[in-house]
Amino acid sequence: MEPGSEPQLDSSQETETLVKRLAGPSSGKAGLALDQTEINRIIAEASKGSKFYDNEKRKDKELTERINRIKKEKDESMRGVDIRKVEAAVDQLLVQLEAQRDLSQIIVHVDMDAFFASVELLYNPELAGKPFGVGRGVLTTASYEARKYGVRSGMPGFIAKKLCPDLILVSNNFSRYAEMSAKVMNVFRRYDSNMCPAGSDEAYLNITEYSVMHGLTAEACVQEMRKAVHAETQLSVSAGIAPNKNKPNGQFQIPFDSASIKAFMHHLSIRKVPGIGRVNERLLESIGIKTCGDIYTHRVVISVMDKRFGLKFLLQTHLGIASNIVEPHLREERKSIGAERTFSSLGDKEKVLQKLQEIAAELEKDMSRNGWTGRTVTLKYKLDTYQVFTRAKTFDRYVFTKEELYLVSPLAACVQYYYE
DNA sequence: GCGGATCAC
DNA sequence: TATGGTGATCCGC
């Protein structure tokens, strides 16, 4: 490689991935926007020069380097591999996985349409038909009119305004959302008493029993349930019906047979698979995988690098096989509880310690309300460069008071360290 | 057990 | 001018 030619290549490649990264994790998810390339350019332009931009650039560079290391690792791992033999072994595993496919359960994934925005519309009908975003600082959701401009949840308000100058911004009203969420969840529960909420606006249901008991098809059940939600809350809900929890895209029932499911998966972007985020999308793309169909094509590489890519998971994804067990999270299964806050500026050490005490007090309140406790206390702190650090300490006894959380924890020591 | 990363919502 | 909060999991020490 000529000195001078490589950096050029790197920097142009870096720009493309960086511009995409800056657009945020939920960009390009729904194809509502007119011109995603132009939108991404505007976002990148608005971000340029900020510390946030610099941090994203740093992370993008680190990821690119990681990918280059993995590519090298791949070349080394593939040397001397008996491709036919590995293919045969993987194909054998596919046969085994296919034999375990269970089409007996009717799983429904329900998702409220633009939930927070829809609730705001109920309280303020003036907003109907207008582009608006919910949330100050960072948006929690955007109306469909705003989405046409590329406005997305997780996007800072000032960038959303650049994309859509007429955008109206309204504040979050979390108590309203909680109230409406409870109403909606109660409707869902009538169709599956064991349904599993996934956040405030989503849930998984197993309606097998309900449809048998009422002599209804899955589609009829879901139709009825969606009508009930709308009648009781004026909110609309989309649903995907499948033999497992990997929802089809949008409102849709997939036929309950192996061939149809595999055909559906074939062109599905790997990014749609739960658990494959922006990073894994790039890692998989680097070995030629963009769709779930590509998994089969590249099965030998995945198999040889099983530890990095997870062969079994990807083969199941290729086949469209996923968990079909729906159960609510039990209280005892809770692993952690926390509180965090972002400050625009925090002042001196005394101010920082005071804020830490306030957060510890808030956490104590949350913990005592439900009788939660734990042995490991973790401090997470973010610098104004957006770099995030954690420091944790495990005690030989359970802690729960704010004094313990604050004083007995490593928090104070870390802040001390940062200031000295 | 610790710290960094990734992911979903 | 300016980019969130909560909880879970995995990997490599």
Side-chain angles (χ1 to χ4, degrees), chain A residues 21-27 29 43-44 46-60 62-63 66 70 109-112 114-116 133-141 151-163 169 171-172 174 177 181 196-204 245-247 271-284 307-310 313 329 331 333-345 359 362-363 366-367 372 374-382 384-396 410 414:
Chain A
R21 165 184 278 272
L22 286 165
S26 63
S27 79
K29 259 196 172 176
I43 295 172
S47 293
K48 213 158 231 167
S50 66
K51 287 178 178 173
F52 181 84
Y53 178 93
D54 292 341
N55 189 54
E56 292 299 297
K57 192 172 170 180
R58 175 184 65 83
K59 288 200 289 192
D60 188 68
E62 282 172 10
L63 180 54
R66 189 177 153 200
I70 289 172
H109 179 254
V110 282
D111 193 337
M112 304 302 298
F115 183 51
F116 291 4
V134 183
R136 305 257 175 221
V138 169
L139 305 185
T140 53
T141 188
V151 178
R152 291 284 181 277
S153 65
M155 181 178 279
F158 77 95
I159 292 199
K161 273 276 190 185
K162 283 236 159 58
L163 290 170
L169 290 173
S171 295
N172 288 305
F174 290 110
Y177 313 145
S181 176
C196 179
S200 63
D201 71 330
E202 272 186 46
Y204 290 96
K245 295 203 277 189
N246 279 3
K247 66 165 172 173
R271 182 67 174 82
K272 304 263 186 192
V273 177
I276 312 252
R278 288 187 293 173
V279 172
N280 282 312
E281 178 188 27
R282 275 193 66 189
L283 292 185
L284 288 166
K307 207 160 172 349
R308 182 159 313 276
F309 292 112
F313 168 75
H329 297 124
R331 181 191 180 289
E333 290 176 88
R334 185 101 181 227
K335 301 283 197 309
S336 73
I337 181 168
E340 60 183 77
R341 203 77 50 219
T342 296
F343 305 96
S344 48
S345 80
I359 292 170
E362 182 185 325
L363 188 52
D366 274 10
M367 291 172 73
W372 283 317
R375 287 175 50 230
T376 304
V377 181
T378 303
L379 166 71
K380 175 177 159 185
Y381 58 104
K382 183 160 78 176
D384 62 0
T385 58
Y386 292 92
Q387 283 174 289
V388 176
F389 302 87
T390 61
R391 291 293 177 269
K393 184 162 173 57
T394 301
F395 298 93
D396 52 10
C414 284

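Quick note: numbers below take in every heavy atom, side chains included, and nothing from hydrogens, waters or symmetry partners. Remember, predicted model here, so these are calculated numbers, not experimental data. So that the names make sense, note that chain A is the first sequence line, chain B the second, and so on, each numbered from 1.
Side-chain proximity of Ala392(A) to dC9(B), dG3(B), dA2(C): nearest is dG3(B). When the nucleotides dG4(C), dG5(C), dT9(C) are ranked by their closest atom to the side chain of Arg341(A), dG5(C) comes out on top. Of the candidates dG4(B), dC9(B), dT3(C), dG4(B) carries the atom nearest the Phe389(A) side chain, counting heavy atoms from C-beta on. When each of dT3(C), dT6(C), dC9(B) is scored by its nearest atom to the side-chain atoms of Glu340(A), the top-ranked nucleotide is dT6(C). Side-chain atoms of Glu362(A) lie closest to dT6(C) of the nucleotides dC7(B), dT6(C), dA2(C). Closest contact between the side chain of Arg391(A) and the listed nucleotides dA8(C), dA8(B), dG3(B) involves dG3(B).
A donor-acceptor pair shorter than 3.5 Å can be found between the side chains of Thr140(A) and Asn172(A). For the residue pair Thr394(A) / Arg375(A), no side-chain donor-acceptor distance below 3.5 Å is found, with atom types taken as modelled.
OP1 and OP2 of dC2(B) both lie 4.0 Å or more from every side-chain N or O belonging to Thr378(A). Phosphate proximity of dT6(B) to Asn280(A): absent, as no side-chain N or O sits under 4.0 Å from OP1 or OP2. For Arg136(A) and dA2(C), the shortest distance from a side-chain N or O to OP1 or OP2 is not below 4.0 Å. In this model, the phosphate group of dT6(C) is not approached by any side-chain N or O of Arg334(A) to a distance below 4.0 Å at OP1 or OP2. For Thr394(A) and dC2(B), the shortest distance from a side-chain N or O to OP1 or OP2 is below 4.0 Å. OP1 or OP2 of dG12(C) lies within a sub-4.0 Å distance of a side-chain N or O belonging to Lys307(A). The phosphate of dG4(B) has OP1 or OP2 within less than 4.0 Å of a side-chain N or O from Thr390(A). Look at Ser336(A) and you'll find a side-chain N or O under 4.0 angstrom from OP1 or OP2 of dA8(C). Taking only side-chain nitrogens and oxygens, Lys382(A) comes nearer than 4.0 Å to OP1 or OP2 of dG4(C).
Phe116(A) and Tyr177(A) have parallel rings, their planes meeting at less than 30° on a 0 to 90° scale where 60° marks the start of perpendicular. Phe389(A) and Tyr381(A) have parallel rings, their planes meeting at less than 30° on a 0 to 90° scale where 60° marks the start of perpendicular.
Across the protein-nucleic acid pair, Leu63(A) atom CG and dC7(B) atom P stand 9 Å apart, rounded to whole Å.
A gap of 24 Å separates the P atoms of dA8(B) and dT3(C), to the nearest Å.
Backbone-only contact: Ile337(A) has heavy atoms under 4.0 Å from sugar-phosphate atoms and none from a base. Within the nucleic acid shown, Ala198(A) comes within 4.0 Å of sugar-phosphate atoms alone, with no base atom in reach, counting heavy atoms only. If you check every strand for non-hydrogen atoms under 4.0 Å, Arg66(A) touches sugar and phosphate atoms only. Within the nucleic acid shown, Gly137(A) has no heavy atom closer than 4.0 Å to any nucleic acid atom. Across all strands shown, Arg375(A) has heavy atoms under 4.0 Å from sugar-phosphate atoms exclusively, and none from any base. In this structure, Tyr386(A) reaches the sugar-phosphate backbone alone: every heavy-atom distance under 4.0 Å involves primed, P, OP1 or OP2 atoms, never a base.
Remark: the backbone N or O of Ser47(A) is paired with a side-chain donor or acceptor of Ser50(A) at under 3.5 angstrom.
Under a 4.0 Å N-O distance rule, the pair Arg341(A)/Glu362(A) qualifies as a salt bridge.
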